[in-house]
Amino acid sequence: MAFLEINDLHVHFPIKGGILNRTIDSVKAVNGVSFQVEQGKTYGLVGESGSGKTTTGRAIIGLNEITSGQVIFEGNDLAATENKKLDVKRDVQMIFQDPYSSLNPKKRVLDIVAEPLRNYEKLSRSQEVERVADLLEKVGLSPESIFKYPHEFSGGQRQRIGIARAIALKPKLIIADEPVSALDVSVQAQVLNFMREIQKELNLTYLFISHDLGIVKHMSDRIGIMYKGRFVEEGDTEDIFSNPQHIYTKRLVAAIPDINPKNRDAQKKFREEVQLEYQKDYGRYFDEKGLAFNLRNISQTHLAALPEIGVVE
Amino acid sequence: MNELKLDVKKEKKAHRSQSGLNILWREIVRDKLALVSLIFLAVITTTVFVVSGLLDLNEIVRVDLFAIYEPPSENFWLGTDYGGRDIFGQLIIGTRNSLAIGFAVTLMTGIIGVSFGLITGYFGGQTDNMLMRIVDFFQILPFLMVVIVFVAIVPNYGIVEFSLIMTGFLWMGIARIIRSKTLQERELDYAQASQTLGTPRWKIMFGQILPNLSSLIIVTMTLNLAANIGLESGLSFLGFGFPERMPSLGTLLSYATNPQTLENRWWIWMPAAILIFLLMLSVRNVGEALKRATDARQRRG
């Protein structure tokens, strides 16, 4: 059994309207998503804004209500109502996108990082301070900063505090919702490398949500690409980047800038080819509502949402 | 070298003072008018509470037919009223009563309003919808009429009963303000992060969100204090406040409804009128300064 298994997840938001404020329609933010994550690995979830990748992550941790589907974490279905109170919560933690709003401005670092500890572990005051100092050291902040307030730190440092809080309970799964999008490029690498380090150290599993393909390529073992609430392609990092099948993936891959000037012409040619194919064949890749088809196996590890009539090309 | 160290320390201190209550305090110190108002309030409050402890209420409210309408003299610093009662004593005790009511009502409406607003705002949706209809219900009740009816029904009433009646109809404003702010705050990542960390809801409301509303609460309650003092005086003036054996600023003022008193015996109503005016004005000055402090663009300090 997989470590984390998502089966046909749907998250719909109602649209209220009419005279009596009835539900007249719904926004299908996540519309039938299935994937599996193995322990100790990083699963990258990519897509443009509004594609439902963040909603998927938030639904797994319980911040968004699941309309239907299953979220099976170590054999427990987190979506089932009778499991709401289950203590699996402490094994699943989240790193938030915005390091500025994710830390309570009125709390000291000590209170912020110790919050999960206070909820799940009964520690004495001195033990708590010790634990928090340890955690801060682990994320590369000086333990003296425990009595400071969040506004006294830079964005990168704040994100580290957020990470310290997320790993305080030694969770098994961390949902990282665009953890570096709000950070300076120079700090991004720092935080990402640090995340990889603690992954090895604590045997963490990441669900890494991002719109930056370069970062996802660097971080992930497996990647799922989302578009309008559905998966268009899923596969190992190698599959996605060297053999993209769906036109949407191809365009994404083609859009990654190559730093080597020698490849510039080749890149340009590739981009033009993809653009041509996109204009010609766009309609074939989506059904009449503009949604992606169901995923089909291309190889052992590689799935793509291709139309029924054979593989394109 | 030593000086440099000192400098760093100072800077650190200045940096620290950026957060929380210090901003409010700095704004008041910068705004001289607010500072003077605050000192005035502090002086008046302490004097009134200390002096009223030394005065004998029964002595003051006892009718003395041989000293009716005495002008200010050595015996009666501010003269006497139509019952020969000492105005100065009534003024001190009246101010104490008015202030006590103002503080009590502000505090109670604050507690009820903040809790109510937090709960409605945090849960949102249907809960919000239902609870806000209760607020609407209280808001459309004609406050003055209900108070008059209560005064007529409740036979024996003093500061506690009067404050409770006022509180019952004055908690909605602060509840609405807190609710709307809570609706904003609960969407912020830190509130959601708390949820993923396993913090129970009531702890998120009162432990995480409440501290972020502190400046708003302080400002609203200060401005409410001014309004409540005015409201109490107004009700007493109309005769629906305290009975005559319990002096209040409004009662003293109501003697001025007698044209003779209004024209010829200024000592009865003038001090009370000035005091009400000054009290409300200074509370407001402080409140406005606090309000400015919560908005970084309007700050002076």
Side-chain angles (χ1 to χ4, degrees), chain A residues 14 16 21 54 57-58 60-65 85-108 111-121 147-152 158-159 161-163 165-169 171 173-175 177-178 182, chain B residues 8-9 11-24 114 118 122-130 132-133 181-218 293-294 296:
Chain A
K16 301 271 186 175
N21 209 18
T54 298
R58 290 171 56 98
I60 292 169
I61 203 167
L63 285 176
N64 282 132
E65 205 134 313
K85 291 217 166 77
L86 219 59
D87 230 20
V88 288
K89 258 189 173 175
R90 61 177 294 176
D91 289 332
V92 186
Q93 290 299 326
M94 186 157 179
I95 299 172
F96 287 82
Q97 175 176 4
D98 182 2
Y100 292 90
S101 77
S102 63
L103 305 179
N104 193 336
K106 295 274 170 168
K107 298 276 176 183
R108 294 170 305 175
D111 300 315
I112 291 172
V113 178
E115 195 186 335
L117 298 173
R118 287 175 188 165
N119 287 333
Y120 288 104
E121 283 170 36
F147 293 115
K148 287 187 181 170
Y149 286 88
H151 69 88
E152 298 175 55
R158 282 163 159 248
Q159 197 60 301
I161 296 172
I163 293 173
R165 175 174 66 181
I167 61 173
L169 290 171
L173 172 68
I174 289 189
I175 295 169
D177 182 9
E178 311 211 19
Chain B
V8 171
K9 241 187 186 168
E11 223 160 83
K12 250 192 176 163
K13 225 177 162 188
H15 187 59
R16 279 212 181 264
S17 68
Q18 272 305 312
S19 59
L21 297 174
N22 284 316
I23 291 180
L24 299 180
V114 167
L118 267 176
Y122 187 74
F123 286 106
Q126 281 304 331
T127 321
D128 178 39
N129 216 343
M130 264 153 34
M132 283 321 278
R133 295 296 81 76
K181 188 71 181 162
T182 310
L183 279 175
Q184 284 173 23
E185 291 286 325
R186 68 159 183 173
E187 293 301 325
L188 291 182
D189 280 348
Y190 76 81
Q192 312 223 329
S194 287
Q195 217 175 316
T196 65
L197 297 169
T199 310
R201 281 169 164 185
W202 64 270
K203 258 192 185 166
I204 300 178
M205 274 188 268
F206 292 96
Q208 302 284 334
I209 295 181
L210 189 63
N212 282 291
L213 306 178
S214 56
S215 48
L216 182 71
I217 294 171
I218 291 172
T294 57

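Proteins come first, then strands; the chains are lettered A, B, ... in the order of their sequence lines, and each starts at number 1.
- D189(B) pairs by the side-chain contact (heavy atoms from CB on, under 4.5 Å) definition with F96(A), D98(A), S101(A), S102(A), not counting sequence neighbours.
- At a 4.5 Å heavy-atom cutoff, the contact between R165(A) and chain B is made by backbone and side-chain atoms alike.
- Proximity to chain B (any heavy atom under 4.5 Å) is restricted, for L103(A), to the backbone atoms N, CA, C and O.
- Salt-bridge formation is not detected for the pair K203(B)/E115(A): no Lys NZ or Arg NE/NH1/NH2 atom is positioned less than 4.0 Å from an Asp or Glu carboxylate oxygen.
- When heavy atoms are compared at a cutoff of 4.5 Å, S194(B) approaches chain A by way of both its backbone and its side chain.
- Between the side chains of Y190(B) and E185(B), at least one donor N or O sits under 3.5 Å from an acceptor N or O.
- Considering only residues two or more places apart in sequence or on other chains, Q97(A) meets the side-chain hydrogen bond (donor to acceptor under 3.5 Å, both in side chains) condition with none of them.
- Of the listed residues L63(A), I61(A), I175(A), the one with more heavy-atom pairs under 4.5 angstrom with chain B than any other is L63(A).
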